[in-house]
Amino acid sequence: MKEKRNLIFLCPFLLCVLAVTLIASVSLGAVSISPKTILAVLVHKMTGYIPASLTWSTAAERIIWDLRMPRTILGVLAGAGYALSGIMMQTLTKNPLANPYILGISSGASAGAVLVIVYGGVQALGIVTPSMGAFAGALAVSMLVFLLAGRRGRMNSTRLVLLGVSLSALCSSLTSFMIFTAPDQNKVTSALFWMTGSLSGSKFDTLVAPAIGLALSFIFIIVFSRAMNGLLLGDDVAQTLGVDTLKLKTTLLILSSVVTGFLVAATGIIGFIGLIIPHIARTFVGSDHRRVALVSVLMGPVLVVWADILARLVSRPEEVPIGVITALMGAPFFIWLIEKNSYGFGGSNG
């Protein structure tokens with residue numbers, strides 16, 4: 001089968017590309033560092049061994065271990081997590097244009113983060129950092145969508161999309177209102193930069209939550225890939241195959257909301273990853289969710305990490321928001337993909 005052959009070729013190839021990408025991410029920046037120094041520092045940090053033939057400065061060690069390694073790992077988690085969230089959203093809504101933000105999750109996260117940045121947070125609620133505000137906003141919107149969409153005992157895909165679009169518009173309006181009425185204009189710049197995404201400032205202890213969300217999502221897609229394949233054919237067909245569609249949709253909504261909330265809280269808004277990566281994967285390996293997930297968790301990090309490298313290099317020593325780079329890279333490529341390729345996505349809407 002062509003798709004299986006492509007999978008066998010793609011996975012080792014993408015692993016090699018990802019390895020090169022990770023080395024480049026730690027090497028390149030305002031200060032360039034050789035791969036030998038990177039390897040020596042990593043060996044020293046993980047084992048305590050110091051190679052006799054290599055020496056490095058304290059500044060180089062700090063740049064590698066404290067700054068660029070957490071940033072690179074977060075880029076990997078963001079690329080894989082947004083891609084998996086996009087897969088779940090597209091399956092949940094049976095909409096090929098769905099992405100992690102179609103249900104208003106990103107807009108809710110933006111509103112929560114901007115509230116904290118501009119107004120200093122809501123101390124009574126314990127929201128004191130932009131990341132905490134972002135996660136709280138994403139969680140609030142996802143819970144509201146879940147409650148409204150499942151109010152009649154059947155989670156309709158069209159109803160999900162319409163509710164998401166409405167709540168997204170509402171949260172975007174609130175965000176714009178807060179920015180335009182901000183008492184301190186210096187904080188507006190910070191809010192706008194966060195809304196277009198950044199991997200800067202990441203630390204190892206901030207990687208735990210996104211990693212957990214990513215792992216849960218990946219395991220779920222692999223285990224329940226056949227049920228998700230059935231859901232793409234339509235609710236009625238899926239039910240004849242023994243799929244509890246309401247339970248599956250509820251789980252997909254919760255998981256995609258959690259992983260997106262964790263990632264937006266850590267990175268800000270990074271667009272297009274959840275939209276284009278699943279499409280590229282399906283072009284090569286078909287619509288089976290197990291194959292799509294395997295390719296997406298390798299392809300997504302490559303795109304995000306290279307976007308972050310470009311964000312650091314194009315105007316150094318200043319940094320361009322990574323969301324700007326992903327949009328510039330993703331939009332033309334997605335247009336080309338639509339023009340050059342086609343594949344069956346789903347069945348009737350339920």
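We're numbering straight along the sequence, starting at 1.
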Open item on the list: Check whether Ser217 reaches the backbone of Gly213 with its side chain - one donor and one acceptor, N or O, closer than 3.5 Å.
Closed with: yes
Task: Residue pair Ala78 / Thr267: nearest heavy atoms and the distance that separates them - done: CB-CG2, 4.2 Å
- [ ] Can you spot which of Val118, Val116, Ile117 makes a side-chain contact (heavy atoms from CB on, under 4.5 Å) with Val114?
- [x] Val118
TODO: Please report the shortest heavy-atom distance between Gly75 and Val305, naming the atom on each side.
DONE: C-CG2, 3.9 Å
Task: Ser107 side chain vs Gly104 backbone, donor-acceptor pair below 3.5 Å - done: no
- [ ] Could you check if a side-chain atom of Leu294 sits within less than 4.5 angstrom of a side-chain atom of Phe218, using non-hydrogen atoms only?
- [x] yes
Task: Same apolar cluster: Leu298 and Val20, side chain cutoff 4.5 Å - done: no
Task: Step-by-step side-chain contact (heavy atoms from CB on, under 4.5 Å) determination, Met178 to Leu115 - done: CA-CA 7 Å; Met178 286 187 287; Leu115 174 67; 3.9 Å; yes
TODO: Determine, stepwise, if the pair Leu310 / Val320 fulfils side-chain contact (heavy atoms from CB on, under 4.5 Å).
DONE: CA-CA 8 Å; Leu310 291 174; Val320 176; over 6 Å; no
Task: Residue Phe204 excluded, over 12 heavy atoms near CZ under 6.0 Å - done: yes
- [ ] For side-chain contact (heavy atoms from CB on, under 4.5 Å), just list the numbers for Thr245 and Leu248, CA-CA rounded to whole Å, side-chain angles, deciding distance to a tenth of an Å, and then say yes or no.
- [x] CA-CA 5 Å; Thr245 57; Leu248 179 60; 5.7 Å; no
Open item on the list: So, applying side-chain contact (heavy atoms from CB on, under 4.5 Å) with Leu231, which one of Leu233, Asp235, Asn229 is it?
Closed with: Asp235
Open item on the list: Can a side-chain donor-acceptor contact be found between Ser34 and Thr37 if the only test is distance below 3.5 angstrom?
Closed with: yes
Task: Partner set under salt bridge (Lys or Arg N to Asp or Glu O under 4.0 Å) for Arg291, not counting sequence neighbours - done: none
Task: From CG (Leu74) to CG (Leu263), nearest 0.5 Å - done: 7.5 Å
Task: Residue pair Ser287 / Val292: nearest heavy atoms and the distance that separates them - done: C-CG2, 4.1 Å
Task: Pairwise distance CZ(Arg71) to OG(Ser202) - rounded to 0.5 angstrom - done: 7.0 Å
Open item on the list: If I take atom CG from residue Leu15 and atom CZ from residue Phe13, how far apart are they, to the nearest 0.5 angstrom?
Closed with: 11.0 Å
Open item on the list: So which atom in Leu241 and which in Gly230 form the shortest heavy-atom distance, rounded to 0.1 Å?
Closed with: CD1-CA, 4.2 Å
Open item on the list: As an exercise, state the distance from CG of Leu255 to OG of Ser142, rounded to the nearest 0.5 Å.
Closed with: 11.5 Å
Open item on the list: Could you tell me if the side chain of Leu22 sits less than 4.5 Å from the side chain of Leu18, heavy atoms only?
Closed with: yes
Open item on the list: Working note: Glu3 + Leu7, criterion side-chain contact (heavy atoms from CB on, under 4.5 Å); need CA distance, chi angles, decisive distance, verdict.
Closed with: CA-CA 6 Å; Glu3 289 80 6; Leu7 180 68; over 6 Å; no
Task: Note, Val264 side chain near Ile105 side chain (heavy atom, < 4.5 Å) - done: no
- [ ] Please answer whether the main-chain N or O of Val285 pairs with a side-chain N or O of Asn6 as donor and acceptor at a distance below 3.5 Å.
- [x] no
Open item on the list: Looking at Arg290 and Ser225, would you say the former's side chain and the latter's main chain have a donor-acceptor pair under 3.5 Å?
Closed with: no
- [ ] Could you check if a side-chain atom of Thr240 sits within less than 4.5 angstrom of a side-chain atom of Asp236, using non-hydrogen atoms only?
- [x] no
Task: Shared hydrophobic cluster for Ile222 and Ile8 (ILVMFWY, side-chain gaps under 4.5 Å) - done: no
Open item on the list: Distance alone, cut at 3.5 Å: any donor-acceptor contact between the side chains of Ser85 and Thr260?
Closed with: yes
TODO: Nearest 0.5 Å please: distance from the CD1 atom of Ile322 over to the CG atom of Asp308.
DONE: 4.5 Å
TODO: Mark yes when over 12 heavy atoms from residues, nucleotides or ligands other than Phe220 sit less than 6.0 Å from its CZ; otherwise mark no.
DONE: yes
Open item on the list: Does any part of the side chain of Pro301, heavy atoms only, come nearer than 4.5 Å to the side chain of Thr21, both counted from C-beta?
Closed with: no
Open item on the list: Keeping Ser32 on the side-chain end and Leu28 on the backbone end, is there a donor-acceptor pair under 3.5 Å?
Closed with: no
Task: Non-hydrogen side-chain atoms of Phe284 and Val295 separated by less than 4.5 Å - done: no
Task: Considering all heavy atoms, the nearest Val26-Arg68 contact - done: O-NH1, 2.9 Å
Task: Same apolar cluster (I L V M F W Y, side chains within < 4.5 Å links), Ile23/Val302 - done: no
Open item on the list: How long is the straight-line distance from CG of Leu252 back to CZ of Phe224, given to the nearest 0.5 Å?
Closed with: 10.0 Å
- [ ] Would you please classify the geometry between the Phe135 ring and the Phe262 ring as parallel, tilted or perpendicular, with 30° and 60° separating the classes?
- [x] parallel
TODO: Taking the side chain as every heavy atom from C-beta outward, state whether Arg226 and His289 have any pair of such atoms under 4.5 Å apart.
DONE: no
Task: Verify same cluster id: Met89, Val258 (apolar side-chain graph, 4.5 Å) - done: no
TODO: Consider only side-chain N and O atoms of Arg312 and Ser200, and report whether a donor and an acceptor are under 3.5 Å apart.
DONE: no
Open item on the list: Are the side chains of Thr58 and Glu61 in contact, using a 4.5 Å heavy-atom criterion?
Closed with: no
- [ ] May I ask you to check whether Tyr119 and Thr181 show a side-chain donor-acceptor distance below 3.5 Å?
- [x] yes
TODO: Mind listing the closest non-hydrogen atom pair of Leu275 and Gln90 along with its distance?
DONE: O-NE2, 3.7 Å
TODO: Say whether Leu139 and Leu167 are linked into one hydrophobic cluster, either directly or through other cluster members, by side-chain heavy-atom distances under 4.5 angstrom.
DONE: no
